[in-house]
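Proteins come first, then strands; the chains are lettered A, B, ... in the order of their sequence lines, and each starts at number 1. Worth knowing before you read on, the calculation uses all heavy atoms, side chains too, and leaves out hydrogens, waters and symmetry mates.
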Amino acid sequence: MSTACFSEWRKLPVSLSELCINTTLRCGQSFRWQKLPDDDEWRCVLRGRIISLKQDPTHLYYRYYSPPSTAPLPTPPASTSPSRAASKSANDDSESQSETASDDTLALIKHYFNLSSELTRLYSEWSSLDPNFKKKAPQFTGIRILRQDAWEALVSFICSSNNNISRISQMVEKLCINYGPLIGTIGGRAYHDFPSPQALTGKDVESRLRGLGFGYRAKYIYNTAVMVANEREEGWLDTLRNPESPAFGMEPAHGGEMRPEGREGYRVAHEQLLALQGVGPKVADCVCLMGLGWGEAVPVDTHVWQIAQRDYKFGRGAHKTLNKATYDAVGNHFRKLWGKEAGWAHSVLFTADLKTFSERLTTSKKVKVDVDVKKEEDGEEDVEIKTTVTTAVASKRKIKEEEDIDEGEAKKGKDKVVVQAAETTHTRRASKRLRKQ
DNA sequence: CGTAGACCTCAAAA
DNA sequence: ATTTTGAGGTCTA
């Protein structure tokens, strides 16, 4: 019954190397997407609208949910930037309204996934500039930086400090349920949008968040909400955006000249964010990259610091420890190496280092994988990894939400074998990093 | 100015 | 089964 309110699935031609939602939505950028247990459907509330996504090797499929009671076109409930709430003229034709919502949903998805930039071309540029990237990237294609709401990104990454992705997701969920507007209920599950800054300025917010398990971050969130809602102009966060990557519905403009430290607008945004409670350099860079569209922002967390030491010769001499100077040096190094979208490239290597995904790098020598070397037209040797579906699901073992449905790597040249959704049992202890290279 | 400790919680390791 | 560790940092002394 609940599906009666969903639109039909629409499709958009996208290859897995241009976008892999199974990786992009799980690599710690956004903490709100939910994968439905049954099929490979992902669901989230975006700008007041419940969106569902799924993907096959050639297309991204999307549909949106219209709450039965209210008007078909959901009114964006002022999640963050209530200013331009898309003042649609009141029309009575419901069919044209759903058409409008459908077009709008497509525009929303293109905006959210930054689909205007060619990821494949960026990957080959980064590969030509950096042997280490070239080595790691083939197993992690289709990883994009999302264009998230800036306020949501800010709060999410305040939650991320000294924390793990699983709990960050739980905390963000609690924020939405307790303080965000209810958008709809599907199959008994309530879908809320992310709360506005003013929704988190209540006197009891800190204590209540503590009660919900936020720990010391409760105060940061409350203080930051007060600062943004009461001590900044309306729409202040969006004024810090990269003009090339504007908020939904706005026209792009020039973003400034690139330098090793990043463009001027990025430096300004970073500095401004540091004034907020619970926002240090790393969180500020996360917000700049994923919430404000500054592609050169490189958040240096423990993972990236380890990568910098292991693969880029940091950790000695002047940059022995990760202090402020080293933090900047690491970012500058990657900006000089990868260029204006260094943060995008960083995200690929970061994901490769996540425990959830790192199996892909070592699994080739472990089990259940056919590796065959073939010549590509450009004369380079390329290792193709086919993950076979040796799932052995037989027993009663219930794989609880830890299953790892991998996309088959997009094949070119040869016929489109494309192992779709290869299932592996994913013995959790899978594989440690064996070699220090 | 740059550097140790404390800070909440929880699930995975030991 | 119970304790310890560590997880995408930041603030403060």
Side-chain angles (χ1 to χ4, degrees), chain A residues 23-32 140 143 145-146 148 152-175 205-224 227 270-271 273-291 297-310 317-331 334 343-359 399-402 426-433:
Chain A
T23 310
T24 298
L25 297 181
R26 292 193 305 150
C27 67
Q29 289 189 60
S30 166
F31 303 93
R32 219 144 57 83
F140 298 92
I143 299 175
I145 294 298
L146 302 170
Q148 297 183 72
E152 177 182 336
L154 172 58
V155 176
S156 299
F157 286 104
I158 288 176
C159 292
S160 79
S161 81
N162 206 356
N163 210 345
N164 57 67
I165 291 179
S166 167
R167 186 155 81 109
I168 299 165
S169 303
Q170 293 176 40
M171 290 162 70
V172 171
E173 169 90 12
K174 285 174 180 172
L175 277 176
V205 167
E206 179 184 345
S207 59
R208 195 151 149 234
L209 289 182
R210 277 194 175 266
L212 289 169
F214 280 66
Y216 59 85
R217 305 165 195 87
K219 178 156 66 176
Y220 296 163
I221 291 171
Y222 169 73
N223 285 342
T224 289
M227 291 178 85
H270 193 268
E271 181 190 357
L273 290 170
L274 286 181
L276 302 171
Q277 290 292 306
V279 180
K282 186 266 177 181
V283 168
D285 270 324
C286 285
V287 178
C288 283
L289 177 64
M290 301 159 198
V298 178
V300 182
D301 53 38
T302 56
H303 281 281
V304 177
W305 175 232
Q306 284 170 25
I307 292 169
Q309 293 175 93
R310 188 190 62 212
H319 303 125
K320 194 174 176 69
T321 61
L322 182 52
N323 51 32
K324 180 75 172 94
T326 304
Y327 186 99
D328 293 337
V330 171
F334 285 136
W344 288 54
H346 132 282
S347 177
V348 176
L349 296 191
F350 171 82
T351 304
D353 226 52
L354 280 181
K355 199 167 39 184
T356 321
F357 299 105
S358 58
E359 162 197 329
I399 307 170
K400 60 146 202 182
E401 87 160 341
E402 177 66 331
H426 186 270
T427 49
R428 86 176 33 269
R429 255 352 257 109
S431 51
K432 298 269 187 175
R433 190 172 315 286

Quiz item: Checking side-chain contact (heavy atoms from CB on, under 4.5 Å) for the pair A:L354/A:R26: CA distance, chi angles, key distance, verdict?
Solution: CA-CA 10 Å; A:L354 280 181; A:R26 292 193 305 150; over 6 Å; no

Just the table, please: protein N/O against nucleotides 8-10 of chain B N/O, every pair under 3.5 Å.
| from | atom 1 | to | atom 2 | distance (Å) |
| --- | --- | --- | --- | --- |
| B:dC8 | OP1 | A:R210 | NH2 | 2.6 |
| B:dC8 | O5' | A:R210 | NH1 | 3.3 |
| B:dC8 | O4' | A:Y216 | N | 3.1 |
| B:dC8 | O2 | A:R167 | NH2 | 3.0 |
| B:dC8 | O2 | A:R217 | NH1 | 2.7 |
| B:dC8 | O2 | A:R217 | NH2 | 3.4 |
| B:dC8 | N3 | A:R217 | NH2 | 3.2 |
| B:dC8 | N4 | A:N162 | ND2 | 3.2 |
| B:dT9 | O4' | A:R167 | NH1 | 3.2 |
| B:dT9 | O2 | A:R167 | NE | 3.3 |
| B:dT9 | O2 | A:R167 | NH2 | 3.0 |

Quiz item: Which part of the nucleic acid, if any, lies within reach of A:I165 when heavy atoms closer than 4.0 Å are counted: base, sugar-phosphate only, or nothing?
Solution: base

Self-check item: Side chain proximity check, A:D353 to A:R310, heavy atoms < 4.5 angstrom
Solution: yes

Quiz item: Taking the side chain as C-beta and beyond, is there a heavy-atom pair between A:L25 and A:L146 under 4.5 Å?
Solution: yes

Self-check item: A:K324: partners by salt bridge (Lys or Arg N to Asp or Glu O under 4.0 Å), with sequence neighbours left out
Solution: A:D328

Quiz item: Taking only residues two or more places apart in sequence, or in another chain, which ones meet A:S169 in a side chain to side chain contact (heavy atoms under 4.5 Å, CB included)?
Solution: A:F31, A:I165

Exercise. Could I get the full list of ring pair (Phe, Tyr, Trp, His ring centres under 6.0 Å) partners for A:F334, not counting sequence neighbours?
Key: A:Y312, A:W338

Self-check item: A:L322 CG to B:dA4 C1', straight-line distance once rounded to whole Å
Solution: 14 Å

Quiz prompt | Test ring pair (Phe, Tyr, Trp, His ring centres under 6.0 Å) applied to A:Y220 - qualifying residues, sequence neighbours left out | solution = A:Y216

Quiz item: When all nucleic acid strands are considered with a 4.0 Å heavy-atom cut-off, which category describes A:V304: base, sugar-phosphate, or nothing?
Solution: nothing

Self-check item: Residues forming a side-chain hydrogen bond (donor to acceptor under 3.5 Å, both in side chains) with A:R210, sequence neighbours excluded
Solution: none

Practice problem: Just call it for A:C159: base, sugar-phosphate, or nothing, with non-hydrogen atoms closer than 4.0 Å on any strand. | Solution: nothing

Quiz item: Toward the 5' end of DNA chain C, which comes first, A:Q306 or A:Q277, by nearest nucleotide?
Solution: A:Q306

Quiz item: So, do A:H346 and A:L289 sit near enough that their side-chain heavy atoms are less than 4.5 Å apart?
Solution: yes

Quiz prompt | Span that lies between the P atom of C:dA13 and that of B:dC8, in whole angstrom | solution = 14 Å

Quiz prompt | Any side-chain heavy-atom pair of A:V300 and A:D285 under 4.5 Å | solution = no

Quiz prompt | 5' to 3' contact window, DNA chain C with chain A (heavy-atom distance under 4.0 Å) | solution = C:dA7 to C:dC11

Practice problem: With the side chain counted from C-beta on, respond yes when A:F214 and A:I221 share a heavy-atom pair under 4.5 Å apart, and no when they do not. | Solution: yes

Quiz item: How would you label the contact of A:L209 with the nucleic acid (heavy atoms, under 4.0 Å): base, sugar-phosphate, or nothing?
Solution: nothing

Quiz item: How would you label the contact of A:Q29 with the nucleic acid (heavy atoms, under 4.0 Å): base, sugar-phosphate, or nothing?
Solution: base

Practice problem: Kindly give the heavy-atom pair with the smallest separation between A:G343 and A:I145, and that separation in Å. | Solution: O-CD1, 4.1 Å

Let me have the donor-acceptor pairs involving side chains of residues 276-284 of chain A, under 3.5 Å, with sequence neighbours excluded, atom names and distances please.
none

Self-check item: Pairing stems for DNA chain B [at least three consecutive pairs; Watson-Crick or G-U; under 3.5 angstrom]
Solution: B:3-7 with C:9-13, B:9-14 with C:2-7

Self-check item: Residues within residues 282-289 of chain A bordering DNA chain C, heavy-atom distance below 4.0 Å
Solution: A:K282, A:V283, A:C286

Quiz item: Hey, are the side chains of A:V304 and A:P299 touching, using non-hydrogen atoms and a 4.5 Å cut-off?
Solution: no

Quiz item: For the side chain of A:Q29 and the backbone of A:M290, is there at least one donor-acceptor N/O pair under 3.5 Å apart?
Solution: no

Quiz item: Residues two or more places apart in sequence or in another chain: which of them pass side chain to side chain contact (heavy atoms under 4.5 Å, CB included) with A:E173?
Solution: A:I177, A:R189

Quiz item: Mind checking the P distance from C:dG8 to B:dA13? Whole angstroms is fine.
Solution: 13 Å

Protein N or O to nucleotides 1-3 of chain B N or O, pairs below 3.5 Å:
| from | atom 1 | to | atom 2 | distance (Å) |
| --- | --- | --- | --- | --- |
| B:dT3 | OP2 | A:N323 | ND2 | 3.0 |

